[in-house]
Amino acid sequence: MIAVSIIISIPDGATELRGVFDPSQTVLDVLETCAHGPNALRTPHYRHSCHHGSCGTCGAIINGKEALMCLTRIADLCEQGSQECRIELKPIHGASSIASLSVAPHPKLAYLPQQASYLRHVIDTSSELFKLDRCIECGLCLSACPVDEPFMGPAALAAMDSERESNPAAGPAMLTLAAGPDGANACRRHIACSRVCPQGVQPARRIQRLVLALQTNRNDQLR
Amino acid sequence: MSARLSAHVGARVCILGGGGTGIALAWDLALRGIFVTLVEKGEFTSGTTGRHHGQLHCGARYARGDVAIARECMEESSLLKRLVPQTIENNGGLFLALDDEEASGTDEFIAACHAATIPARELSVADALKLEPAANPHAVRAVWVPDASFDAYRLPASFLAGARALGARLLNFTRVVGVEIAQGKVRGVRVLHADGREECIPCDAAVNAGGVWAAEIGALAGVHIPVSPAPGALVAIKGRAAQLVLSRLAPPGDGDILVPQRELNIIGSTQRMASGSGPFFPTAEEIIFLRERAAQLVPALATAPLHAAWAAARPLSGTANTLSDGRKASRNFTVLDHGSEGLRGFFSITGGKATVLRAMAEKAADAVCAYMGTDSPCQSARIKPPSWRALFAPLEAMRVEDFNTVGGDV
Ligand SMILES: Cc1cc2nc3c(=O)[nH]c(=O)nc-3n(C[C@H](O)[C@H](O)[C@H](O)COP(=O)(O)OP(=O)(O)OC[C@H]3O[C@@H](n4cnc5c(N)ncnc54)[C@H](O)[C@@H]3O)c2cc1C
Ligand code: SF4
Ligand code: FES
């Protein structure tokens, strides 16, 4: 067991929650325990749903880095054998605040193409088995991305490329969406998105695939 | 095909609790032209709803126990596959008998499925292994059923997006703190917003969809609701070892379901009784137990890395109650009309499972509409909600005319 001190910093000030936890418990478990204890009304609001990295609601900036609270264990943040574990939580960047850690979904998720399928072939494009897309629309890549020019951001572009790959018929429509001035070409290749993505979507790589495809299209038109 | 929607009928309903049940009810009532306010103390689906396995039950699991529940699961799962296909991995499921004792129930199991309209069919073990190469090669018998897995969050979120598009007021991070009553009738619901503001929301009827918290919400209105929490542990294993929903061909028990989803295999669950409403966490023993049981179905799971372990509480209805339509509850959910206890316009909906969320909503909405004297019919079995992604877009971007029906005429 380890003493945990969670400091929630928001622009309005900071709140500290303390308790003793099993290091295999997650940051979300700590918040849940505080929310049900005697300090229930002092526990700040936070988003959560699935508790296993599937819904994408529980993102936060944990000790300076975007991560999901439900998949970040106390042991991941503090050295083994240390007396006390100090964890700083901040809401993700760019989303509008509801109260403390809870934010509305990141506004750039609105660029996710609603007509694109969320189902992917399990094995290859000919398989009849499907699985849900890797991207859980958590917006962590959007929070980490430092580009300030108008940019639709990594999540939507990654979705467009995934759709192009698994459903070739949708390719031209997806490329058209990605071709605008705030699309793939606005990427500055910081790769912050791929570093924080909890699902291994590798948005930076997908954006580069779009950039190349757009380039090839242009070359074809010039020829 | 585009759908024709009911005009506003000038009635207001507050729904207390924004899990799958409350959300489906918001959509169903909004489609009937009723002005809905949905109140949820945390994020929507932060109760039990987001945390279940995500098994879209075709009903086979319940076929030997209760044919009515099984048939209802079959009907509702087929309907959801058409209404919200983008949130469902419709890959089918296998029931496997791992020893002769389990195998001895196979014929009875298949007959029970057929009685509940579930198209179960026996496969040779070799054919089953072709469909699901990760399954235990020592299985003795195998039966295919139309089980599926779904996104526990995005399926209800699609209904939430639909309710929003129809003008429902959606209040998350808002806690119900009181129920206003005058002359034995519900007049409004008192809520506490995230910023500390209190508000009284006037309404003509209120529905308690509080899941394991239904008793606490009922107490605010002075009614007793026999619901108790039964927490269970779940485990997610990294990787997509299995592709189909896998179950044991034994009567339902602990650790006998494996639900593939996205890049994970989810194993569940255990069940224990508890007092209080949480928080619940899995114990180390439960995690080991679930992993061992799952490895019997899919040997590769014995060594695959653990992704997450968590717990969720089942809202078990305490006593058998009469349904609002007067029949004895052979369904697994109950709509309580508290009018009989002297509080008119207050309803509770308890029990059930995520697979039948729409059916629960339909029954509750029928009861509420009958009370309010509104006769607009149920449309939620016909009209497809928009994508959950509509929740990310500004409200103005939503066009209600875009709603489609599931085939057939309007
Ligand atoms: C371990 C486990 C596994 C399961 N697996 C499956 C499965 O595979 N398939 C399936 O179909 N079903 C499954 N179920 C069943 C299913 O999860 C539940 O039946 C369903 O999610 C219940 O939804 P609900 O909306 O009724 O309750 P909840 O989701 O709990 O919603 C109630 C809501 O009320 C809110 N609330 C409480 N008090 C207040 C208040 N004062 N003010 C405002 N809001 C309040 C809560 O925050 C909560 O969000 C499983 C259940 C468990 C426990
Ligand atoms: S690409 Fe990764 S980080 Fe970005 S929204 Fe999707 S899952 Fe989250
Ligand atoms: S709670 Fe769903 S991703 Fe963390």
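Sequence lines set the chain letters: A, B, ... in the order given, protein chains first and strands last, and positions in each chain run from 1. Predicted model, so just to flag it, every value in this text is computed and none were measured.
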Working to the nearest 0.5 Å, report the span between CG of Leu246(B) and CG of Leu94(B).
->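 The distance works out to 6.0 Å.
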Among [options], which has the most heavy-atom pairs under 4.5 Å with chain A?
options                                  : answer
Asn90(B), Asn91(B), Leu391(B)            : Asn91(B)
Tyr153(B), Phe173(B), Phe150(B)          : Phe173(B)
Ala308(B), Pro279(B), Ser46(B), Pro85(B) : Pro279(B)
Glu89(B), His307(B), Lys41(B)            : Glu89(B)
Gly278(B), Ala152(B), Ala236(B)          : Gly278(B)

Contact class of Leu244(B) relative to chain A, heavy atoms under 4.5 angstrom =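 For Leu244(B), the contact with chain A is made by the side chain alone.
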Measure Thr49(B) against the heavy atoms of chain A and call it side chain, backbone, both or neither at under 4.5 Å.
->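 Contact with chain A: none, neither part.
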Pair [X]-[Y], side-chain donor/acceptor within less than 3.5 Å:
X         : Y         : value
Gln86(B)  : Trp388(B) : no
Ser5(A)   : Glu84(A)  : no
Asn172(B) : Glu43(B)  : yes
Asp151(B) : Gln261(B) : no
Arg262(B) : Ser54(A)  : yes
Ser117(A) : Glu163(A) : no

Side chain from CB out, backbone as N, CA, C, O: work out which of these in [X] comes under 4.5 Å of a heavy atom of chain B, or both, or neither.
X         : value
Ala116(A) : both
Asp22(A)  : neither
Ile136(A) : both

What are the two closest heavy atoms between Ala186(A) and Val147(A), and how far apart are they?
->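 Closest approach of Ala186(A) to Val147(A): O-CG1, 3.9 Å.
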Is a donor on one side and an acceptor on the other found under 3.5 Å between the side chain of Ser143(A) and the backbone of Gly139(A)?
->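 No.
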Close approach to chain B in residues 66-74 of chain A, criterion heavy atom under 4.5 Å |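 At a heavy-atom separation under 4.5 Å, chain B is reached by Leu71(A).
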Return a table of donor-acceptor pairs under 3.5 angstrom between the side chains of residues 99-112 of chain A and protein atoms on other chains or two or more places apart.
unit_1    : atom_1 : unit_2    : atom_2 : d
Ser100(A) : OG     : His45(A)  : N      : 2.9
Ser100(A) : OG     : His45(A)  : O      : 2.9
Ser102(A) : OG     : Ala99(A)  : N      : 3.3
Ser102(A) : OG     : Ala99(A)  : O      : 2.6
His106(A) : ND1    : Lys108(A) : N      : 3.1
His106(A) : NE2    : His93(A)  : O      : 3.3
Lys108(A) : NZ     : Phe151(A) : O      : 2.9

Side chains of Thr33(A) and Val30(A): closer than 4.5 Å at any heavy-atom pair?
->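 A side-chain contact under 4.5 Å is absent here.
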